[in-house]
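Written below as structure tokens is the structure these notes are about.
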Amino acid sequence: MPKFLIIRFSSIGDIVLTTPVIRCLKQQVPGAEVHFVTKKSFGAILFPNPYIDKLHLHEDDLPATIQKLKDEHFDYIIDLHHNLRTLRVKWGLGVKSFSFDKLNLAKWKLTALKVNHMPDIHIVDRYLATLNSFGVKNDGKGLDYFIEEKDRINLETLPETHRNGYAGLVIGAARATKQLPFSQLDELCKRFQQPIILLGGPEDSPTGEALALKHAQAFNACGKFKLGQSADLVRQAKVIITHDTGLMHIAAAFQKPIISIWGNTVPDFGMGPYYCNSNTPFSKQFEVAGLSCRPCSKIGYKKCPKDHFNCMMQQDIHGIADAGISTFS
């Protein structure tokens, strides 16, 4: 039986985007034993995944992690992170490895020179290309996200106004330049009068509370639920309005209609919402076209390098709200 180790240390969205690799490898390679290593802080994303035979959690001691992995005697490594840390893992284990193409040169050209040489290939398909030698094909089933029973949210525990349907509005993002500022979120909530659940981490709770105080239809869930519970709120939403975030990819795993908002990053990086090949739900992307400074980074910054933040301040808030309203109804 071939024994595989898949590596992706972070982060939420990137890990969710690896799930077709996990599933296709397990289902298409006879007898495949599939292990996955990730950071301990992201383990909850993959713990319920039935296609993983063993999950390894890395903390701060990479040599210790490598030794534990070495004891497993893997046959192959599938490197879906491809950085210096994973290079150390591959050297330490000393078995045949396959790494995905990060397209760093093309990304640099797009961010630094504004020359777009990015191929029209989603990162999921670039991940899957690492399995070509094993005859694995894209099964067209999209992304996976499995929720444990303990994380299921009973809608009867929500405010009565939200029990018969709500939109999920993801107000946070990993970097400030990937999220709408408060004034724009405020305007969006003002325009969107249907029930809203505000989604994000503990760091987004103050913004969520301020929005909920101003808008009666908004319920602040930021920081009140664990990731699995927030994912279940995404699963039960009628539509998700979101920045370029991990919850956007979780929404795609549940085949939800998605209104995505792009600031300093662009869908051309190949990380837009990824659906299966059939029965694709409504999805619309909003970005400010024609800005000479965009994209300024493949990840993002704490603040706009140009100080104007036009990529978010010039967003079509009414168009975003109207798209969400039409999908909601």
side-chain hydrogen bond (donor to acceptor under 3.5 Å, both in side chains) involving Lys298 - partner list, sequence neighbours excluded: Asn104
side-chain hydrogen bond (donor to acceptor under 3.5 Å, both in side chains) against Glu72, all qualifying residues, sequence neighbours excluded: Lys3, Lys54
Check ion pair Glu59-Lys39 (N to O, under 4.0 angstrom): no
Partner residues of Lys238 under the salt bridge (charged side-chain N to carboxylate O under 4.0 Å, His left out) criterion, sequence neighbours left out: none
Pairs satisfying salt bridge (Lys or Arg N to Asp or Glu O under 4.0 Å), at least one member in residues 117-134, at least two apart: none
Ion pair check, Asp322 and Arg191, cut-off under 4.0 Å: yes
side-chain hydrogen bond (donor to acceptor under 3.5 Å, both in side chains) involving Glu187 - partner list, sequence neighbours excluded: His318
With Lys284 via salt bridge (charged side-chain N to carboxylate O under 4.0 Å, His left out) - residues at least two apart: none
Lys/Arg-Asp/Glu bridge criterion (N-O < 4.0 Å) met for Asp232, Arg235: yes
Sequence-distant partners of Asp75, side-chain hydrogen bond (donor to acceptor under 3.5 Å, both in side chains), two or more places apart: none
Contacts of type salt bridge (charged side-chain N to carboxylate O under 4.0 Å, His left out), residue Glu156, not counting sequence neighbours: Arg163
Salt bridge (charged side-chain N to carboxylate O under 4.0 Å, His left out) partners of Lys178, counting only residues at least two apart: Asp244
Within residues 194-209 or reaching into it, pairs that qualify as salt bridge (Lys or Arg N to Asp or Glu O under 4.0 Å) - sequence neighbours excluded: Glu209-Lys224
All ring-ring contact (aromatic ring centres under 6.0 Å, His included) counterparts of Tyr51, not counting sequence neighbours: none
Pairs satisfying salt bridge (Lys or Arg N to Asp or Glu O under 4.0 Å), at least one member in residues 299-314, at least two apart: Lys303-Asp307
